[in-house]
**Student:** 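The structure that follows is given in the form of structure tokens.
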Amino acid sequence: MASTSPVRAVDTIYFGGDIVTVDDTRPTAEAVSVRDGRIAAVGDLREVLAQAGDGTRFVDLKGRALLPGFVDAHSHLSLIGFQAGAANLLPAPDGEVNDIPALQARLEAWKTTETGRRWDWIVGFGYDDAQLAGAQHPTRDDLDAVDTDRPVLVIHQSSHLGSVNSKALELLKYDADSEDPAGGVIRRRPGSREPNGVLEESALFNAWGHSAAGFGDEDRISLILLGQRAMASFGFTTAQDGRVMTAKDLEVLETVAGRRLFDIDVVVYPDASLAAELKDAEVSVPEYRDRLRIGGVKLGLDGSPQGRTAWLTRPYLTQPDGESADYRGYPALTDAEVVAAVGDAYAKGRQVLAHTNGDAAIDQFLMAVRQATARHRPIDPRPVAIHAQTAREDQLDAMRELGIIPSFFSMHTFYWGDWYRDTVLGEERAARISPAASALRRNMIYTSHHDAPVALPSSAAILSSQVTRVTRSGHVLGEEQRVSALDAVKSTTIHAAHQYFEEAVKGSIAVGKLADLVILSANPLTVPAEEIKDIRVVETVKEGRTIHPEPLGRPR
């Protein structure tokens, strides 16, 4: 008679709190066990405790909540560390810069730090003209007051606009004779062609690239690890690097992976121009190699609504200085370029993520996807409309038809809701930004993201913004677009895992799935809606191993 080996005891058992499984077949449980980095059991406390042995670790939640680890639907991991290294120019509640003198003071203080002395450029990140006194961008003159010998760059919180001083303009060769680069704008002094220092879109990206040109590989690696630490501290066990522009950037990410320094999974989306240079086998790789994989390609079709560079079908409520009353923003790429890029991705079986803030940009993406679908008949491409801020009802119908997943930047309701209502879009259009409830009424899967470094990678803010839609001033922006706390949780767990084709192994607490878990100070499904924003991440667990608050980078 054949003998059977006894089942080895589980490694860890969680109990004593609210367990939110995000599994519709078993929404709650009394206990969860983990063995070899995967969920071994989900169920009654007595049944799960029967799996314990001498080496089992018991984690008493003490009334706190256990959820699946959060899955980042869209951010820029490499830039999160850049934000952490630069001077913090964020306004309240995330910073203290609400006027130009405060901005200048923060830059002056940063110059004396170790990083400020080491970097070639003086760099600040996160100012918001909507929150600065006078609602104006800092100009070259404001930044010349900080330094005239070193180039100065300050980046708008949207990451789509910024400003530089005269020294930086000189290095960039931006002067009165310079034409605006394709897909960008060099703003000018009133009544002149002389640059005033403010740069939009591709004009800014050029400056940003120059500011980082002096970074060595070890500097870049340190910034990526800073970004990883931030993500883990907010409960994320999977992160995205959402638009890698150069082969060097990709090489550095692969170096981090090769050194086995990633403690979270990272999915990379090279810009379509970079992806065209890669071998087919290197793009849309389903397997992680040392926690890194390439998920597909990224396109940027327009700019930022809060910066009034997003591409709309109707004019902005108010226009940036020097623009006509019919100003609607502008595209980043031509129709032909978008059709070619999406068609190429579909032909090669690559997932496409497209930055589409304005409804005109969404129309452009829908057109390209429709053509690619008709030509290539893909089975399950899961294209993603990143941000989809101003998606109309008819556009959601088209997304549903074409299988496009809208990934909303729902935190805009808090950060820029008042600005949208009063300056950018007006009450009617502002009330329907990030129309999650409209997507749910169509039985669509949608995701929600933080787009760090545009905002801090706060999981609580993602949830709160969807449930309350409360702005900085306390105004409820589009009450009819509020969703339940459970739907909000799904948007950054199981639905985000679906966006990555990883729903079979992530996004819910179910037997056999990866033990990617987060312990929260309170259950977002049961606390009053207005308290969700105050929920803290107590512990983050990746495949059974605590990665926050313990130091990252331990041998795996």
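All values below come from the heavy atoms of this structure, side chains included, with hydrogens, waters and symmetry mates left out.
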**Student:** Could you tell me which non-hydrogen atom of Ala388 sits nearest to which non-hydrogen atom of Pro435, and how far apart they are?
**Tutor:** O-CD, 4.0 Å

**Student:** Is the ring centre of Phe236 less than 6.0 Å from the ring centre of His450?
**Tutor:** yes

**Student:** Taking atom types as modelled, find out whether Ser473 and Thr471 have a side-chain donor-acceptor pair closer than 3.5 angstrom.
**Tutor:** yes

**Student:** Keeping Lys298 on the side-chain end and Gly242 on the backbone end, is there a donor-acceptor pair under 3.5 Å?
**Tutor:**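 Here the side-chain-to-backbone pair exists.
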
**Student:** Under a 4.0 Å threshold between the charged nitrogen and the carboxylate oxygen, would Arg421 count as salt-bridged to Asp418?
**Tutor:** yes

**Student:** Does either side chain, that of His156 or that of Ser158, offer a donor lying less than 3.5 Å from an acceptor on the other one?
**Tutor:** yes

**Student:** I'd like to know if the side chain of Lys111 reaches the main chain of Val146, judged simply by a donor and an acceptor atom lying under 3.5 Å from each other, with no hydrogens or angles considered.
**Tutor:**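 At least one qualifying donor-acceptor pair exists.
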
**Student:** Tell me whether Thr413 contacts the main-chain N or O of Arg469 through its side chain, where contact means a donor paired with an acceptor under 3.5 Å.
**Tutor:** no

**Student:** Side-chain contact, heavy-atom cut-off 4.5 Å: Phe70 with Thr493?
**Tutor:** yes

**Student:** Can you tell me how the ring of Phe82 sits relative to the ring of Phe125, calling it parallel under 30°, perpendicular over 60° and tilted otherwise?
**Tutor:**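 Ring orientation of Phe82 relative to Phe125: perpendicular.
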
**Student:** Using 30° and 60° as the class boundaries, would you call the ring planes of Phe409 and Trp416 parallel, tilted or perpendicular?
**Tutor:** perpendicular

**Student:** State plainly whether the residues Asp265 and Lys542 are in salt-bridge range, i.e. N to O under 4.0 Å.
**Tutor:**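 Lys542 and Asp265: salt-bridged.
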
**Student:** Taking CZ in Arg536 as the centre, count heavy atoms belonging to other residues, nucleotides or ligands within less than 6.0 Å. Is the count above 12?
**Tutor:**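 No, not enclosed.
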
**Student:** Which is it for Tyr415 and Asp128 under the side chain to side chain donor-acceptor pair (under 3.5 Å) test, yes or no, and what are the steps along the way?
**Tutor:** CA-CA 10 Å; Tyr415 282 105; Asp128 183 2; over 6 Å; no

**Student:** Look only at the side chain of Trp110 and the backbone of Gly85, and say whether a donor-acceptor pair between them is shorter than 3.5 Å.
**Tutor:**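 The answer is yes, because a donor-acceptor pair under 3.5 Å joins these two groups.
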
**Student:** In chain order, what residues pass the side chain to side chain contact (heavy atoms under 4.5 Å, CB included) check against Arg314, with sequence neighbours excluded?
**Tutor:** Glu428, Arg429

**Student:** I'd like to know if the side chain of Asn357 reaches the main chain of Gly303, judged simply by a donor and an acceptor atom lying under 3.5 Å from each other, with no hydrogens or angles considered.
**Tutor:**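 Yes: the side chain of Asn357 pairs with the backbone of Gly303.
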
**Student:** For a quick test of reading the model, state the closest non-hydrogen atom pair linking Phe365 to Val384 and the distance between them.
**Tutor:** CE2-O, 3.8 Å

**Student:** In this structure, which one of Asp363, Thr390, Asp359 forms a side chain to side chain donor-acceptor pair (under 3.5 Å) with Gln395?
**Tutor:**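 Looking at Asp363, Thr390, Asp359, the match for Gln395 under the side chain to side chain donor-acceptor pair (under 3.5 Å) is Asp363.
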
**Student:** Restricting to non-hydrogen atoms, name the atom on Ser521 and the atom on Asp534 that form the minimum distance, rounded to 0.1 Å.
**Tutor:** OG-O, 4.5 Å

**Student:** Are the side chain of Ser202 and the backbone N or O of Ala182 linked by a donor-acceptor pair below 3.5 Å?
**Tutor:** yes

**Student:** Can you name the nearest heavy-atom pair linking Ile264 to Ala239, along with the distance?
**Tutor:**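 Nearest pair, atom of Ile264 first, then Ala239: CD1-CB, 3.7 Å.
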
**Student:** Is the closest side-chain heavy-atom distance between Val424 and Gln306 below 4.5 Å?
**Tutor:**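 Side-chain contact under 4.5 Å: no.
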
**Student:** Answer yes or no: is there a side-chain heavy-atom contact under 4.5 Å between Arg328 and Glu323?
**Tutor:** no

**Student:** Counting distance only, does the side-chain N/O of Asp129 pair as donor-acceptor with the main-chain N or O of Gly307 below 3.5 Å?
**Tutor:**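 No; zero donor-acceptor contacts below 3.5 Å.
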
**Student:** Ignoring hydrogens and angles, tell me if any N or O in the side chain of Tyr500 forms a donor-acceptor pair with the backbone of Thr238 under 3.5 Å.
**Tutor:**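 Absent.
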
**Student:** Students often mix this up, so state it plainly: with edges at 30° and 60°, are the rings of His387 and His355 parallel, tilted or perpendicular?
**Tutor:**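 His387 and His355: perpendicular rings.
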
**Student:** Between Ser324 and Asp326, do the side chains contain an N or O donor and an N or O acceptor separated by less than 3.5 Å?
**Tutor:**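 Side-chain D/A pair, Ser324 to Asp326: absent.
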
**Student:** Donor-acceptor check, side chain of Thr423 to backbone of Tyr420, threshold 3.5 angstrom: yes or no?
**Tutor:**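 No, because the side chain of Thr423 does not come within donor-acceptor range (under 3.5 Å) of the backbone of Tyr420.
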
**Student:** With a 4.0 Å cut-off on N to O distance, would you call Arg188 and Asp180 a salt bridge?
**Tutor:** yes

**Student:** Please enumerate all residues that pass side-chain hydrogen bond (donor to acceptor under 3.5 Å, both in side chains) together with Ser233, with sequence neighbours excluded.
**Tutor:** none

**Student:** So, does Ser491 use its side chain to make a donor-acceptor pair with the main chain of Tyr446 at under 3.5 Å?
**Tutor:** no

**Student:** Going by salt bridge (Lys or Arg N to Asp or Glu O under 4.0 Å), name the pairs with one or both residues in residues 210-226, residues two or more places apart or in two chains.
**Tutor:**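 Sorted result for residues 210-226: Arg118-Asp219, Asp217-Lys248, Glu218-Arg259, Arg220-Asp249.
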
**Student:** Who pairs with Arg189 by side chain to side chain contact (heavy atoms under 4.5 Å, CB included), at least two apart in sequence or on another chain?
**Tutor:** Arg140, Asp141, Ser192, Glu194, Asn196

**Student:** Residues two or more places apart in sequence or in another chain: which of them pass side-chain hydrogen bond (donor to acceptor under 3.5 Å, both in side chains) with His76?
**Tutor:** His74, Asp451

**Student:** Checking side-chain polar atoms at under 3.5 Å, does Thr309 have a donor or acceptor matched by the opposite partner on Glu200?
**Tutor:**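 No, no side-chain donor-acceptor contact under 3.5 Å.
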
**Student:** Between His137 and Tyr127, is the ring centre distance below 6.0 Å?
**Tutor:**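 Between Tyr127 and His137, which both carry aromatic rings, the centre distance is below 6.0 Å.
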
**Student:** I need the minimum non-hydrogen distance between Ser459 and Val537, along with the two atoms involved.
**Tutor:**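 The answer is OG-CG2, 4.0 Å.
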
**Student:** Please name all residues satisfying side chain to side chain contact (heavy atoms under 4.5 Å, CB included) with Ser464, sequence neighbours left out, ordered by chain then number.
**Tutor:** Thr468, Ile532, Lys533

**Student:** Indicate the atoms forming the closest heavy-atom contact of Ile186 with Ser178, along with that distance.
**Tutor:**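 Here Ile186 and Ser178 meet closest at CD1-CB, 4.2 Å.
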
**Student:** If you count heavy atoms of other groups shown closer than 6.0 angstrom to CD of Glu530, is the number above 12?
**Tutor:**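 Result for CD/Glu530: enclosed.
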
**Student:** Does some side-chain heavy atom of Asn88 sit less than 4.5 Å from a side-chain heavy atom of Arg106?
**Tutor:**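 Side-chain contact under 4.5 Å: yes.
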
